[in-house]
*Asks:* 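Just dropping this structure here.
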Amino acid sequence: MKLNNATPINDHSAQRSLCLEPPEDTAAQAGLMEEIRDLARVRRAVILAHNYQTGPVQDVAHHVGDSLALALEAQKADADQIVFAGVHFMAEAAKVLNPGKRVFLPHRGAGCSLADSISAESLEDWKTRYPGHTVVTYINSSAEVKALSDICCTSANAISVVRSLPGTKVLFTPDKNLGRWVQKHVPEKEVVVYDGACPSHDVLRGVNVKKTLLSYPGAVVIAHPECREDILEMADEICSTAAMVHKVALYPQTKTFLVATESGILHQMKKAWPDREFIMADGCIGCRLHCPYMKMITLEDVRRSLLEEVFEVEVDPQTAQGARLALERMMAVPRD
Ligand code: 13P
């Protein structure tokens with residue numbers, strides 16, 4: 001459908017047709033997926049894909065999940081190689097957690113604006129301004145930043161991690177929305193938040209979600225904690241991407257769910273719950289809630305990664321040691 005000035009703003013079908021969606025599962029695509037599976041067998045490679053990847057890339061992976069689940073998969077992988085269909089910090093964390101394996105990121109450009117919002121130098125500076133604080137760093141960060149942190153967290157365990165700390169003063173980096181949400185749930189701690197945010201989540205405003213809700217009265221709102229406070233206040237569920245798929249089970253009577261996170265998660269939600277309807281909370285599949293980095297990796301990139309052994313992720317051993325400590329401390333925290 002063509003969108004023109006006469007198209008009503010709340011015509012979500014028109015808005016959805018504007019968005020880039022992965023191509024249909026054609027015979028050529030099925031052939032490519034088969035080739036990738038064969039190559040992975042020959043190379044003894046395991047393919048990990050984050051929930052924000054395109055549908056075909058998720059479907060060809062051995063494991064699909066959120067940051068925590070994929071870090072755990074990487075840590076225990078006994079394949080010779082890990083091909084990480086995600087963004088750079090995820091592949092880097094896999095290398096840190098399982099240094100004996102060769103780890104590949106299929107697209108060299110797949111970075112993360114949130115991870116780039118804090119450098120080792122800025123964290124060093126920040127630490128000197130807040131002596132006596134425990135540094136909790138979101139997994140969306142570089143290995144250098146992790147190595148300067150006391151403990152890591154993901155969206156799946158951030159509350160448990162902060163609650164588990166012995167001291168009361170916490171520096172939370174780099175996501176301010178996640179940090180503020182944690183502070184609300186752990187009022188006994190004093191959480192100072194760094195000024196970083198994920199542009200793909202931070203762009204969404206409460207007014208966008210309210211407008212979308214007008215078209216779907218009674219819909220349940222599920223939001224990622226990287227969203228701004230006004231979205232989180234109106235959300236029925238706030239959780240990591242993997243938990244979003246499971247939370248649907250809590251609403252057996254609900255047909256429609258508004259999802260406030262990157263559009264890739266809809267693939268797993270629709271697969272798990274074919275009788276339900278999942279709508280992006282901005283009323284538009286992928287218009288705002290779209291991470292350009294997560295969508296860089298194509299099936300062709302995954303094939304090339306396996307064939308040509310590109311792009312290998314390396315982490316300097318000393319940095320890796322510090323980052324591993326912060327990640328392993330996180331993994332030792334029991335989840336609430
Ligand atoms: P989870 O993987 O924890 O759901 O978070 C999404 C994310 O921010 C990935 O960058």
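Counting convention: from 1, in listed order, for ligands and their atoms alike.
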*Asks:* In terms of relative ring orientation, are His201 and Tyr52 parallel, tilted or perpendicular, with 30° and 60° separating the classes?
*Replies:*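 If you compare the ring of His201 with that of Tyr52, the planes turn out tilted.
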*Asks:* As a quick check of understanding, evaluate salt bridge (Lys or Arg N to Asp or Glu O under 4.0 Å) for Arg37 and Glu34, giving each step before the final call.
*Replies:* CA-CA 5 Å; Arg37 290 188 188 105; Glu34 204 40 52; 3.7 Å; yes
*Asks:* Identify all pairs of nitrogen or oxygen atoms, one from ligand 1 and one from the protein, separated by less than 3.5 Å, and list them with distances.
*Replies:*
from, atom 1, to, atom 2, distance (Å)
ligand 1, 2 (O), His50, NE2, 2.7
ligand 1, 2 (O), Ser67, N, 2.8
ligand 1, 2 (O), Ser67, OG, 2.7
ligand 1, 3 (O), Ser155, OG, 2.6
ligand 1, 4 (O), His224, NE2, 3.4
ligand 1, 4 (O), Thr241, N, 2.8
ligand 1, 4 (O), Thr241, OG1, 2.7
ligand 1, 5 (O), His224, NE2, 2.9
ligand 1, 8 (O), Tyr138, OH, 3.4
ligand 1, 8 (O), Asn140, ND2, 3.3
ligand 1, 8 (O), Glu226, OE2, 2.4
ligand 1, 10 (O), Asn140, ND2, 2.9

*Asks:* Is Glu277 salt-bridged to Lys255, going by a charged N under 4.0 Å from an acidic O?
*Replies:*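 Salt bridge: no.
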*Asks:* Which residues pass the ring pair (Phe, Tyr, Trp, His ring centres under 6.0 Å) test with His185, sequence neighbours left out?
*Replies:* Trp181
*Asks:* Please name all residues satisfying side chain to side chain donor-acceptor pair (under 3.5 Å) with Lys176, sequence neighbours left out, ordered by chain then number.
*Replies:* Asp195
*Asks:* List the residues meeting side chain to side chain donor-acceptor pair (under 3.5 Å) with Lys184, not counting sequence neighbours, and say none if there are none.
*Replies:* Glu229
